[in-house]
Amino acid sequence: MSNRPVRVRFAPSPTGPLHIGGVRTALYNYLLARKLGGTMILRIEDTDQNRFVPGAEDYIRESLEWVGIELDESPWKGGPHAPYRQSERKPMYREYADQLIRDGYAYYAFDTPEELDAMRERLQAAKVPNPQYNSITRAQMRNSLTLPEDEVKQLLDSGAPYVIRLKVPRKEEVRFQDMIRGWVVVHSSAIDDKVLMKSDGMPTYHLANIVDDHLMDISHVIRGEEWLPSAPLHVLLYRYLGWEKTMPQFAHLPLLLKPDGTGKLSKRDGDRLGFPVFALEWHGTDAETGEPTVSRGYREEGYLPEALVNFLAFLGWNPGTAQEIFSMQELIEAFSIERVSKSPAKFDQNKVKWFNEHYLRAKSDAGLAPYLLGALAEHGLACDQAKAEQIVAVMKERVSFPQDFWQEARYFFEAPTSYDEQVVAKKWNPQVSAALAAYADALPDNSEPSANAEVLKALFTQTVEAQGMKPGQVLQALRVAATGAAAGPDLFETLAILGTGEVARRLRTAVERLG
RNA sequence: GGUCCGUUCGUCUAGGGGUUAGGACAGUAGAUUUUCAUUCUACCAACAGGGGUUCGAUUCCCCUACGGACUACCA
């Protein structure tokens, strides 16, 4: 291989939100670039004006920023090969299409959509194994290969609509080496005369992609497996354009599959299966009804970007060691294309959740406190930083998502309005009630949160035993009386955070209400 | 239909001509926690099938089955 500079690109179409398969493709490109000291480029492939979706480009940008993929060259940042939007590069492609025609590798085709349909129907009816516009069928069509020269010229001059097609050879083996799959060999008869230039003057993906990758000096093309069948076509294009010696290396990544059943993960699966398929929430429009739609996003559901990245990196790649927790930096160091697997991977919701829990627990209390503080502010509740940190500290082992803090810690801010019925039925009785009343009286009569868990526990034991009972008989009732819940973090830690005045108040309320 | 790609526990995967086929997630059980969660321990669980090659194949080759992608003037 050559030792030319490593330059990779992620080249999405702005046709909607970027799903996690796309994020993974971007991630692998990024990891390789950083690993090899190369350059990460983002190019927007917006040659299909009909499918352009407003906002999609910003969405892609925001998604990549959120997961921590940095771009060295992009439409927003610019770079030595600007512009980075294909729509803005439109004038550049024509020249290469013309070059191909001049060199006899491409031709004009004037067939109408109706004529093309008729051709396919005819082929299908004749049971032709692979109906396509190719070295055989083009002889029956209206193109610059079949029409007299002067008629072609006249059509061109008259402004008749036409496309430019690649003239794929009849019998030739096209081969290339894929970094993941090894040698891939396809016979040219299986490739059709692909349209290179559309009648609207825009190039198709195939032409634009090759021209841009060449002009941008791309060294490695890392993309999804859905591109594997057209890779031989691309190889032909490099050859005919005279760029074969600088053709990038290809790596076709295994697809991401639906968690259930089969098929590649698609936009709709998220709603159907109840998990996000997008990095960020997406507000779109239903294609049929025109109704506004909302698609769930990992960010909005409380996933930490480092968890998503770690999970995605392991879907189709592994370091070959037992280590599973990797920061972005560690991924960069460990990554290699050779260890990307060939077979597709099903998406596993449990595993992402596990990663998320891991990263959540790894965060500092100070880092977690804002999540709780934010939710409190939304509910019009105040809380100081120190208390918020105490709460997340006792809670973080028992939550999966940041938003759970508020759900699980609600009773720290609001006195219980109901009590867990099972515990009440099982543990509550007049004797217990009396013990709790005594404990309420014994608590220091102020709301200073000075008393620590140990002190409160000792006081509890002492009080309960003075009533002729064992702590175990009353403990559950104490939790329910103070928090309303049957389960939670260490009870006396909880009470200490609550403050003795508040605890005493809650106990008296419970005694009154439960008898 | 055609072309191409793929196939190890339920899932993500390691491994590789001779292994008790390893790990992680999930699941189950137990320990700890007078709760729940955490943590710890154990258990459950896989080489798609058939032919070769070989002393020996899950590993190499072929076929079959199954799965997937592609097959547009979409990317």
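The analysis underlying the following values was restricted to heavy atoms, covering all of them including side chains, and did not include hydrogens, waters or symmetry mates. Naming convention: chains lettered A, B, ... in sequence-line order (proteins, then strands); numbering from 1 in each chain.
In this structure, A:Asp490 reaches the bases: a heavy-atom distance under 4.0 Å links it to at least one base atom across the strands shown. Using a 4.0 Å heavy-atom cutoff across all strands shown, A:Lys342 reaches sugar-phosphate atoms only and no base atom. Contacts of A:Asp348 with the nucleic acid, taken as non-hydrogen atoms under 4.0 Å apart, include base atoms. Residue A:Asp193 is classed as having no contact, given no heavy-atom separation below 4.0 Å to the nucleic acid. If you check every strand for non-hydrogen atoms under 4.0 Å, A:Leu475 touches a base. Among the heavy atoms of the strands, none lies under 4.0 Å from A:Pro232. Residue-level contact check: A:Gly320 touches neither bases nor backbone, having no heavy atom under 4.0 Å from any strand. Looking at heavy-atom distances under 4.0 Å, A:Gly316 makes contact with sugar-phosphate atoms alone, never a base. Counting any heavy atom pair closer than 4.0 Å across all strands shown, A:Arg223 reaches no nucleic acid atom. Counting non-hydrogen atoms under 4.0 angstrom, A:Ala345 reaches the backbone sugars and phosphates but no base. Using a 4.0 Å heavy-atom criterion, one finds that A:Val195 contacts the sugar-phosphate atoms exclusively. Residue contacts shown for A:Pro471 include a base, since a base heavy atom lies under 4.0 Å away.
Summarising the geometry, the separation between CD on A:Glu226 and C1' on B:C4 is reported as 14 Å, rounded to the nearest angstrom. Between the CD atom of A:Glu493 and the P atom of B:U34 there is a distance of 12 Å, rounded to whole Å. Here the P atom of nucleotide B:U35 and the NZ atom of A:Lys470 are 16 Å apart, to the nearest Å. Rounded to a whole Å, the CD atom of A:Glu397 is 7 Å from the P atom of B:U39. Separating the CH2 atom of A:Trp354 from the P atom of B:A37 is a distance of 19 Å, rounded to the nearest angstrom. Put simply, NZ on A:Lys353 is 16 Å from C1' on B:A24, counting in whole angstrom units. Counting to the nearest Å, the P atom of B:U71 and the CG atom of A:Asp117 are 16 Å from each other. One atom, CG of A:Leu236, and another, P of B:C4, lie 16 Å apart when rounded to the nearest Å.
Between B:C5 and B:U64, the distance separating the two P atoms is 15 Å to the nearest Å. Taking the C1' atoms as reference points, B:U28 lies 25 Å from B:U34, given to the whole Å. Comparing the C1' positions of B:A29 and B:U19 gives an interatomic distance of 28 Å, to the nearest angstrom. Rounded to whole Å, the P atom of B:A48 lies 15 Å from the corresponding atom of B:A21. Rounded to whole Å, the separation between the P atoms of B:U58 and B:A46 comes to 15 Å. The gap from the P atom of B:A26 to that of B:C40 amounts to 12 Å, rounded to the nearest Å. For the C1' atom pair drawn from B:C47 and B:U33, the interatomic distance equals 41 Å after rounding to whole Å. Atom name P, nucleotides B:U71 and B:G52: the rounded distance is 40 Å, in whole Å.
Residue A:Lys198 places at least one side-chain N or O under 4.0 Å from the OP1 or OP2 atom of B:C74. At the phosphate of B:U13, OP1 or OP2 sits under 4.0 Å from a side-chain N or O atom of A:Ser341. Between A:Thr47 and B:A75 there is a side-chain N or O to OP1 or OP2 distance below 4.0 Å. Taking only side-chain nitrogens and oxygens, A:Arg51 never comes nearer than 4.0 Å to OP1 or OP2 of B:A75. Residue A:Lys264 places at least one side-chain N or O under 4.0 Å from the OP1 or OP2 atom of B:C70.
When distances are taken from the side chain of A:Lys346 to each of B:U11, B:C74, B:C5, the shortest belongs to B:U11. Side-chain proximity of A:Asn130 to the nucleotides B:G2, B:C70, B:G6 is greatest for B:G2. Comparing B:U13, B:C4, B:G68 against the side chain of A:Asn318 picks out B:U13 as the nearest. Here B:U3 is the nucleotide among B:U13, B:G68, B:U3 with the atom lying nearest to any side-chain atom of A:Val186. Distances from the side chain of A:Glu324 to the nucleotides B:C12, B:A75, B:A24 place B:A24 closest.
No donor-acceptor contact under 3.5 Å links the side chain of A:Lys194 to the base of B:A72. Counting atom types as modelled, A:Arg181 pairs no side-chain N or O with a base atom of B:C5 as donor and acceptor under 3.5 Å. Within 3.5 Å, a donor on the side chain of A:Ser199 pairs with an acceptor on the base of B:C73, or the reverse.
Side-chain contact of A:Asn143 with A:Tyr162: a donor-acceptor pair under 3.5 Å is absent, judged by distance alone. In summary, the side chains of A:His252 and A:Arg181 do not present any donor paired with an acceptor at a separation below 3.5 Å, with no hydrogens or angles considered. Side-chain contact annotation: A:Asp111 with A:Tyr133, donor-acceptor N/O pair under 3.5 Å present.
A cation-pi contact, defined as under 6.0 Å to the ring centre and within 45° of the axis, links A:Arg24 to A:Tyr28.
Rounded to the nearest 0.5 Å, atoms CD (A:Gln177) and CH2 (A:Trp183) are 5.0 Å apart.
Residues of residues 13-21 of chain A having a heavy atom closer than 4.0 Å to RNA chain B, listed by number: A:Ser13.
The main-chain N or O of A:Pro83 is found under 3.5 Å from a side-chain atom of A:Arg89 such that the two form a donor-acceptor pair. A donor-acceptor distance shorter than 3.5 angstrom exists from the side chain of A:Asp404 to the backbone of A:Phe401, with no hydrogens or angles considered.
Both distances falling under 3.5 Å, in either a Watson-Crick or a G-U wobble arrangement, place B:U7 opposite B:A65. Both distances falling under 3.5 Å, in either a Watson-Crick or a G-U wobble arrangement, place B:U41 opposite B:A29. Of all nucleotides present, none satisfies the Watson-Crick or G-U wobble test against B:U20 with each distance under 3.5 Å.
Taking 4.0 Å as the cut-off between side-chain N and carboxylate O, A:Glu465 and A:Lys470 do not count as a salt-bridged pair. Salt bridge absent: A:Lys346 and A:Asp348 never bring a charged side-chain N and a carboxylate O closer than 4.0 Å.
A:Tyr298 and A:Phe278 have their aromatic ring centers separated by at least 6.0 angstrom. Taking the centre of each ring, A:Phe460 and A:Tyr439 come in below the 6.0 Å mark.
Taking the nucleotide of RNA chain B with the nearest heavy atom to each of A:Glu225 and A:Val128, the more 5' of the two is matched to A:Val128. Mapping A:Val185 and A:Gln476 onto RNA chain B by nearest heavy atom places A:Val185 closer to the 5' end of the strand.
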Exercise for review: Walk me through it: do A:Glu172 and A:Arg239 pass the test salt bridge (Lys or Arg N to Asp or Glu O under 4.0 Å)?
Suggested key: CA-CA 13 Å; A:Glu172 197 175 308; A:Arg239 185 177 307 161; 2.8 Å; yes

